[in-house]
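Data block below; observations after.
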Amino acid sequence: MLKRTAWCLALVLLCAGNTFAQLPSIIEKDGRHALLVDGKPYLILGGQAHNSSGWPAMLPQVWQAAETMHLNTVEIPIYWEQIEALPGKFDFSLVDTLLTQARAHNVHLVLLWFATWKNGSNHYMPEWMKKDAAKYPNITGLNNKHIDSPSPHSKATLEADIKAFTAVMTYLKQVDTQHTILMVQVENESGSWDSMRDYSPTAQKLFEENVPQALLKPEVLKALSIPAGTKGTWQQVFGDRADEYFQAWSISSYIGQVAAAGKAVYPLPLYVNAALRDPLTNPHSNTYESGGPTDNVIPIWKVAAPAIDLLAPDIYLSGSERVLKVLELYDRPDNTLFVPEAGLVADNAKYMYEVIARGGIGFSPFGIDDNGHGSTPEELNKRLAPYAQEYAVLAPMMRELAQWAFEGKIKAVVEREDHAEQTIDLGAWQATIAFGSGRENTTKADVPPDGKVMIVQLSENKFMAIGTGCRITFHPTGENKDRAWQYLKVEEGSYDNGVFKPLRILNGDETDFGGPRFGNTPKVLQIEVIVR
Ligand code: DGJ
């Protein structure tokens, strides 16, 4: 009897253990994605530290910013030059410090592996590699021009990165059984500035060979706008895009091998980030970082680097048309949308709503910590405020948002530069969103275009709306199109651990003049409408 009880207890503990120790993973259903953390959809309300802030002396500033922002996930670099300062001798003390302190501050981590590429350069390679340029070369530009970007054709560099990244992932598996670390970014904004590709003799020989079969599959050629059946050399198949596509293939194959080696020992979600090109004009590749995961070469990266779970856009472009286009291009059935970096400016916060509505798994402004500038707490608070006020509202409902986003129940609109009214179709209802003059106490001319709203469809007639800087109103559609309607109840409230807690019922002046308004700080409204 005792034996059976002990056996049952062991089984229960084992099951509980499995539940709590589930590896973060990305799942896909009907073209939508979710990041599962502890087995449930999770939304990264993130913040990325500055490049040189992953050192113990700088971490207090990072945690202070994290707390001020109410974020749930800190993105922070780990440095090859520090981890393997001597060849083959690995030092994971910074990883230990990050884990201990992140847990003490109750946040998750996304680690950024600054290694072969950091913004297209080799600057985070260990000194012993930088000192041996013959063994770990940079690419060669046209006319033998020196280019500050590592060669993806160097076997020695690839082997060294594979060895180091595998050691990192092996260590993470060993020390992070509670899964503080959700994902790892492999390299940072890979690609090359100042040269579309490597023109070294080794690279040139490969460039003159035939395009690999894997890229000639009809679906891949179609995605690259090349007629099916085309074959031959890079130049013959890809014409004036040959240099860039060759560079993309070379870099993605390299990073794909680094990622696959790391994933084989510890299968955490892995991603790469992109320094974007203008998504509206199909610019020439000598105007942006060539070979990185820009929108036009996503199909190449998908073929060459299957161990990379997602390609992620870093949002430093401006203009709503441009940014919304980027989000559309990276939100694909075969690519989970995630914004690991966005300029820390107030205007960018609105795009987080679009990311959530598209079923994206997270958003993170870049450079949250003070970076040793000695700002006052007031200055820091002011800088972080646009995100702090969003996260304060979204964090207590993060799990619900992530689940709704995965189920496709959220729709969003963001204010355009012309403040034009927009609509959201919600089945039996259509919502009209007025910006500009919809703001409390302002007129159309004097507001920045930073309004936004996301509407969650709770049932046919019931919605949750979260937003700022706009006014919403509803109209019945379909057979009820011409019928009278009214608000049954509009409740303003907030979430507390996943439960909506109403603060008051909005009525009278707060709903009578064209529908409920959202001011400068985010509000959560539960709205029920009826036809009469
Ligand atoms: C994008 C890079 O990915 C970041 O590491 C950082 O260098 C920013 N640009 C610049 O602020």
Side-chain angles (χ1 to χ4, degrees), residues 44 46-55 58-59 61-62 65-66 69 71 73-83 94 98 109-125 148-150 161 183-194 248 251-252 255 258-259 270-279 287-295 297 301 308 310-318 322-323 326-327 330 337-349 351 355 362-373 375 380 383-384 386-387:
I44 292 180
Q48 185 167 141
H50 280 286
N51 290 168
S52 306
S53 298
W55 297 91
M58 307 311 290
L59 290 179
Q61 295 185 3
V62 175
M69 284 178 82
L71 55 65
T73 307
V74 168
E75 297 173 4
I76 195 154
I78 52 171
Y79 315 111
W80 193 3
E81 64 180 350
Q82 182 278 331
I83 284 179
L94 287 193
L98 285 172
L109 292 174
V110 169
L111 297 183
L112 320 175
W113 174 235
F114 281 11
T116 300
W117 284 272
K118 161 68 176 81
N119 295 20
S121 303
N122 74 352
H123 301 178
Y124 281 86
M125 275 185 200
D148 184 17
S149 187
D161 200 338
M183 304 203 282
V184 178
Q185 178 187 292
V186 190
E187 320 295 341
N188 190 88
E189 291 194 349
S190 61
S192 55
W193 296 98
D194 299 328
I251 294 179
S252 55
I255 294 179
V258 175
L270 302 176
Y271 73 95
V272 291
N273 60 333
L276 300 176
R277 65 185 203 133
D278 187 332
T287 61
Y288 55 91
E289 198 177 3
S290 179
T294 49
D295 68 82
V297 294
W301 276 78
I308 293 290
L310 65 102
L311 315 178
D314 288 349
I315 306 286
Y316 292 95
L317 298 170
S318 56
R322 202 165 273 118
V323 176
V326 166
L327 299 181
Y330 283 83
L337 183 60
F338 173 52
V339 175
E341 290 183 43
L344 183 53
V345 293
D347 194 34
N348 276 343
Y351 300 117
V355 169
F363 193 92
S364 174
F366 173 83
I368 57 168
D369 55 300
D370 185 48
N371 203 14
H373 291 316
S375 313
L380 188 68
R383 209 161 60 83
L384 299 176
Y387 291 88

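Side-chain atoms are counted along with the backbone in the values below, which use heavy atoms only and exclude waters and symmetry mates. In each ligand, atom 1 is the first atom listed, and ligand 1 is the first ligand listed.
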Inset, instruction - Please work out whether the ring planes of Y79 and W55 are parallel, tilted or perpendicular, with thresholds of 30° and 60°. - result: parallel
Inset, instruction - Using a strict cut-off of under 4.0 Å between a residue heavy atom and any atom of ligand 1, list the qualifying protein residues by chain and number. - result: N51, K118, N119, N188, E189, N273, D314, Y316, E341, F366
Legend entry - Polar side chain donor-acceptor pair, E341 to Y316, under 3.5 angstrom: yes
Legend entry - Donor-acceptor pair between D148 and H123 side chains, under 3.5 angstrom: yes
Inset, instruction - Look at the rings of Y387 and F363 and say which category their plane angle falls in: under 30° parallel, 30 to 60° tilted, over 60° perpendicular. - result: parallel
Legend entry - Pairing residues for Y271 by the ring pair (Phe, Tyr, Trp, His ring centres under 6.0 Å) criterion, not counting sequence neighbours: F338
Legend entry - Side chains of Q185 and N273, donor plus acceptor under 3.5 Å: yes
